[in-house]
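Okay, so here's the structure we're looking at.
The residues of the chain are indexed from 1 along the displayed sequence.
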Amino acid sequence: MNHSPQSLSTDIRTVAFLALAPAVALGVARFAYALVLPDMRADLGWSYAEAGWMNGVNAIGYLLGALAAARVVAALGGWATIAWGCGTCVLALGLCALVRDFTALSVARFLAGAGGALAFVGGGFLAAAIAQRHMTKGAFLLGLFYAGPGLGILLSGVGVPAILEAGGAGSWPLAWAFLAALSALFTAGLWQVRAGGEGARSNVHRRAPLKPMALFLAGYFCFGCGYIAYMTFMIAWVRDLGQGAGFQALFWSVIGLGVMVSPWLWSGRVSRLPGGRTFAALSMILVAGAVLPLLSGAVPVLLLSAVLFGCAFFGVVGSTTAFVRRYVAHDAWASGIGAMTVAFSAGQILGPIGTGFLTDLMGGLASGLWASAGFLALGAILAACQGNPGKT
C-alpha cells in the first residue's frame with residue numbers, strides 16, 4: 001500500500017537516519033579496522049594470521065549477536081535494539097584506544113561485532129517495515145538504509161590515514177579514539193528520529209523456513225568469506241605497493257562513496273530480478289573488483305577496483321533483505337534477516353582468518369586475495385542457482 005507524499009518524505013528521512021546504525025555497526029566498527037591494521041601490525045608485531053583473527057573474532061561476535069537479534073527485537077523493540085547495539089560499538093571502539101594486549105583487543109573486537117549485529121538487524125527490521133508501506137519505493141528505501149555504511153567508510157577513510165600520518169608510527173590508539181567519537185556522533189543522530197514505539201516490536205517468534213532458500217544462504221556465506229578478506233587486507237596491499245596515506249584515504253573514500261550511491265544504481269534491479277539473480281550479478285562485479293589489483297598496481301586500476309567494489313558490495317547485502325521481503329512472510333522477517341546475517345557472519349569468521357593464515361603460509365598477500373575472489377565467484381554461482389522459493 002502506498003501512502004501520501006508527505007508520509008513518504010517522512011519515511012525517507014527516518015530511513016536516512018536509520019542508516020546511521022549500519023554506518024556505526026559496519027562502516028566504522030567493522031571496516032575501519034583495515035585502515036588501522038598496518039600500523040597496529042607493525043607496532044605490535046602481529047603475523048597476518050593474528051591480524052586476520054582480529055576481524056575473525058569481530059565476526060564471531062557478530063554471529064552470536066545475529067543469533068540473538070530476532071529475540072532481542074521481539075523483546076525490546078527495534079529502536080532499543082539499535083541503541084544497545086550502537087552503544088556497545090562505541091564502548092568497544094573506545095576500549096581499542098586504551099589497550100595493547102592481544103586478548104583485550106580481541107574482547108573489544110568481539111563486543112564491536114556483537115553490538116554491530118544487534119544494530120544492523122534492528123535497523124534492517126525497521127527499514128523493511130517502512131519499505132513495506134511504500135511498495136513502489138520499497139527497494140529504494142532499503143537501498144538507502146544499506147548506503148549507511150558508506151558514510152562510515154568515507155569519514156573513517158578521510159580521518160584515519162591523516163591521523164596516522166600526523167601521529168607517526170604507533171599512533172593507532174588515536175585513530176581508534178577518533179573512530180569511537182565518530183560512532184558516538186552517529187549514535188546521537190539516531191535519536192533525532194526515534195519513532196516513539198511505532199513499528200518497534202514485531203511478531204518475530206515465527207521462524208523463517210530455511211530449506212527453500214538454502215542455495216541463497218550458502219552463496220551469502222561464500223560472499224562473507226570473500227568480501228571481508230578484501231575489506232580487511234586491501235589497504236595493506238595498497239600500502240605494500242608503495243602508496244602513501246593520501247592515496248590510502250582516497251582509495252577508502254572511493255569505496256565509501258560507491259556504497260553511498262549504490263541505492264541509485266541497484267534499487268530498481270533489486271526489485272525486479274527473481275530468486276538470487278541480482279545477488280549473482282553484483283557478486284560478479286565484486287569478483288572483477290577483487291581481481292583487478294592483483295593484475296596491476298597502477299593507480300587507475302586500483303581506483304577502478306575501489307569503484308567496482310564500493311558500488312556493488314552493499315548492493316549484494318541489500319539484495320538479501322529484498323529477497324526476505326519478497327519470499328518470507330511478514331511475521332518471519334526478523335528471523336529471515338537474522339538467518340541471512342548468520343550466514344554472512346559465519347563467512348566473515350573464516351574469511352580474514354583463512355586469508356591471513358594463507359598469506360603467512362605462502363609469504364604474500366596475493367594468495368589470500370586470490371582465494372577471496374574465488375569465494376566471491378562461488379557465491380555468485382550458488383545464488384544464480386537459487387530459484388523462486390515462493391512466499392513462505
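- Centroid-to-centroid, the aromatic rings of Phe102 and Trp46 come within less than 6.0 Å.
- Smallest separation of non-hydrogen atoms from Thr232 and Pro352: OG1-CB, 4.0 Å.
- Between Leu350 and Phe221 the shortest side-chain heavy-atom distance falls below 4.5 Å.
- Within a 6.0 Å sphere centred on CH2 of Trp370, other residues, nucleotides and ligands contribute more than 12 heavy atoms.
- You'll find the ring centres of Tyr227 and Tyr230 outside the 6.0 Å limit.
- Between the side chain of Ser305 and the backbone N or O of Val301 there is no donor-acceptor pair closer than 3.5 Å.
- Between the side chains of Tyr48 and Thr355, not a single donor N or O lies within less than 3.5 Å of an accepting N or O.
- Of the inter-residue distances, the one linking Leu155 atom CG with Phe178 atom CZ reads 6.5 Å to the nearest 0.5 angstrom.
- No side-chain heavy atom of Met234 sits under 4.5 Å from any side-chain heavy atom of Phe309.
- Between Phe279 and Phe216, the distance from one ring center to the other falls under 6.0 angstrom.
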Apply the test side chain to side chain contact (heavy atoms under 4.5 Å, CB included) to residues Phe251 and Arg239: give CA-CA distance (whole Å), side-chain angles for both, the deciding distance (0.1 Å), then the verdict. CA-CA 11 Å; Phe251 182 88; Arg239 181 169 167 169; over 6 Å; no
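- Between Leu217 and Val342, every side-chain heavy-atom pair lies at or beyond the 4.5 Å cut-off.
- The aromatic ring centres of Tyr146 and Phe120 sit less than 6.0 Å apart.
- Side-chain contact annotation: Arg30 with Gln348, donor-acceptor N/O pair under 3.5 Å present.
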